[in-house]
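In what follows, a single structure is set out as structure tokens and then discussed.
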There are 2 protein chains.
Amino acid sequence: MKDLTVRQQEVLGYLQLHMREHGTWPSFREIEQHFGFRSTNAVMGHIRALERKGYISRIPGQARTYRINLDLNDDSPPREALDVLEIPVYGHIAAGYPDGVETSGEIGRLQIDVESAGIRRSRRSFGLKVRGESMVDAGIFDGDTVIVEQSAPKDGDIVAALIDGETTLKRFVNKPGEPPYLKAENRRYPTLHPVAELVVQGVARAVVRHL
Amino acid sequence: MKDLTVRQQEVLGYLQLHMREHGTWPSFREIEQHFGFRSTNAVMGHIRALERKGYISRIPGQARTYRINLDLNDDSPPREALDVLEIPVYGHIAAGYPDGVETSGEIGRLQIDVESAGIRRSRRSFGLKVRGESMVDAGIFDGDTVIVEQSAPKDGDIVAALIDGETTLKRFVNKPGEPPYLKAENRRYPTLHPVAELVVQGVARAVVRHL
DNA sequence: TTTCATACTAAGCAAATGTTTAGGTGTTTT
DNA sequence: AAAACACCTAAACATTTGCTTAGTATGAAA
């Protein structure tokens, strides 16, 4: 990706800031105000530049529809010393997470080194306080904290998925030839077969249980 | 918070789904289309209901400016600096806990904040890589790392105990009137009733599993 | 110098979007 | 039975908001 000018970085930063603070993207006029511009066309120029350089995407004509493209081209995980990561823990996750590090709804924080947790610093991760017994056969109990990394799920992964506005933990099954579905690891719970809208929020990488 | 109707839950779910998939909130007309409404006022009704019941907030007149209110009725989350502890991990522990900074036998290190691990800095703690299946019914599996704190065991605690030169994980049972013994949490394993020399090395406080 | 990119002001248009008013049909509660 | 509420259609209406065109200025690159 091409480099950004100082001003363009400021604008990009403001986009993210606004998302963090308000959970919504700013309109052109809000950006204009924030920077003290006297014309929305000043905004237009920067937005176009950011788009052209690949840092954001938008849907032309629609209001407040930004999208930040984070490049995940990095490949080599540099095996350093123990790298401790601070992870927000949620009781349940609603909307707004990926682009806004929304602290409301956070019920705690957890620090663990990346190696024990099996996560990468480059990926965004969060903790999830497990509720319910649907994963007991996989050794995940009510009250456990699961560390979830935002990445694409593979068959057999335990994933945090969004169903009916609640995030639940299930095993992701993706056999060739059939659509993916979610399976609970408890005989008493049903397999959520072809789910209408399956939104995987992340893949569980580690479990921390406080005995 | 008041309960939502089925339809209202669907709308709330769609708000979150759209946020997840597109990173933006849907407009009224997008909601209308998704549910097959023929009037944006159908959307208006649901949005108003969700707002009235406290599930979302918005900025009137502005486009795509939702905000989901997670109920944070619980007390204040004290955002303090977490105290991170570095813990040596052993594959097996023979003679007691090594004094000094003996790193031989150590197979790794783990860092975690004291709160998540449920340990005190004042006490000596170490990690133990679990081998065997003797504690599966307690949700501790082969390969898990257990964080053990050196302290006196209470009845029902899971302890690291020294038996035959090997440290194993068992549940400590100490009923009044009879001598304490160790019990495996797996039907296929025997209860180690009156053990000749019962040396408890520490009490398990947390489990960390790398999925 | 000329050209190009950045960085803006200014004014206005048109589409996107939220909002209102006026109904209609059920179901549940009083 | 009446009132209250959930749920929806229909048609405007008004604001928000993206977008365009026109023009000024500066500094770097060709």
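Only heavy atoms go into these numbers, but all of them, side chains included; no hydrogens, no water, no symmetry mates.
If Gln62(B) and Phe37(B) are placed on DNA chain D by their nearest nucleotide, the residue sitting closer to the 5' end is Phe37(B). If you find the closest nucleotide of DNA chain D to Arg48(A) and to Arg64(A), the one lying nearer the 5' end belongs to Arg64(A).
The pair Arg38(A)-Glu32(A) does not meet the salt-bridge criterion, since no charged nitrogen lies less than 4.0 angstrom from a carboxylate oxygen. Between Arg7(B) and Glu10(B) there is a salt bridge, with a side-chain nitrogen of the basic residue lying less than 4.0 Å from a carboxylate oxygen of the acidic one. Taking 4.0 Å as the cut-off between side-chain N and carboxylate O, Arg171(A) and Asp157(A) do not count as a salt-bridged pair.
Using a 4.5 Å cut-off on side-chain heavy atoms (C-beta onward), Glu51(B) and Arg58(B) make contact. Counting heavy atoms from C-beta on, the side chains of Glu30(A) and His18(A) come closer than 4.5 Å. You'll find the side chain of His46(A) reaches within 4.5 Å of the side chain of Phe37(A), heavy atoms only.
With rounding to whole Å, Glu32(A) atom CD is found 12 Å from dA11(C) atom P. Distance, Trp25(B) CH2 to dG18(C) P: 13 Å, rounded to whole Å. For Asn41(A) and dT17(D), the CG to C1' distance is 14 Å, given to the nearest whole Å. Look at CD1 on Ile31(A): it is 17 Å from P on dT16(D), rounded to the nearest Å. Note: CD (Gln33(B)) to P (dG18(C)) measures 13 Å, nearest angstrom. Following rounding to the nearest Å, Glu30(B) (CD) and dG18(C) (C1') show an atom-to-atom distance of 13 Å. One can place CD of Gln8(B) at 18 Å from P of dT27(C), the figure rounded to the nearest angstrom. Rounded to whole Å, the distance from CZ on Phe28(B) to C1' on dT19(C) is 8 Å.
Within the 4.0 Å cut-off from OP1 or OP2 of dT6(C), not a single side-chain nitrogen or oxygen of His46(A) is found. Remark: Lys53(B) is not in phosphate contact with dC5(D), judged by side-chain N or O atoms under 4.0 Å from OP1 or OP2. OP1 or OP2 of dC8(D) sits under 4.0 Å from a side-chain N or O of Arg7(B). For dT6(C), one of the phosphate oxygens OP1 or OP2 lies less than 4.0 angstrom from a side-chain nitrogen or oxygen of Arg52(A).
Below the 3.5 angstrom threshold, one finds no donor paired with an acceptor across the side chain of Ser27(B) and the base of dA16(C). Not a single donor-acceptor contact under 3.5 angstrom links the side-chain atoms of Thr5(B) to the base of dC7(D).
Set against dC8(C), dC7(D), dC19(D), the side chain of Thr40(A) has dC19(D) as its closest nucleotide. Comparing atom distances between the Ala42(A) side chain and each of dC19(D), dT9(C), dG18(D) picks out dT9(C) as nearest. Of all nucleotides listed (dT6(C), dA6(D), dT19(C)), dT19(C) comes nearest to the side chain of Arg29(B). Candidate nucleotides dG18(C), dC8(D), dT19(C) were compared by shortest atom distance to the side chain of Pro60(B), and dT19(C) ranks first.
At the heavy-atom level, Gly61(B) lies under 4.0 Å from the strands shown only through sugar-phosphate atoms.
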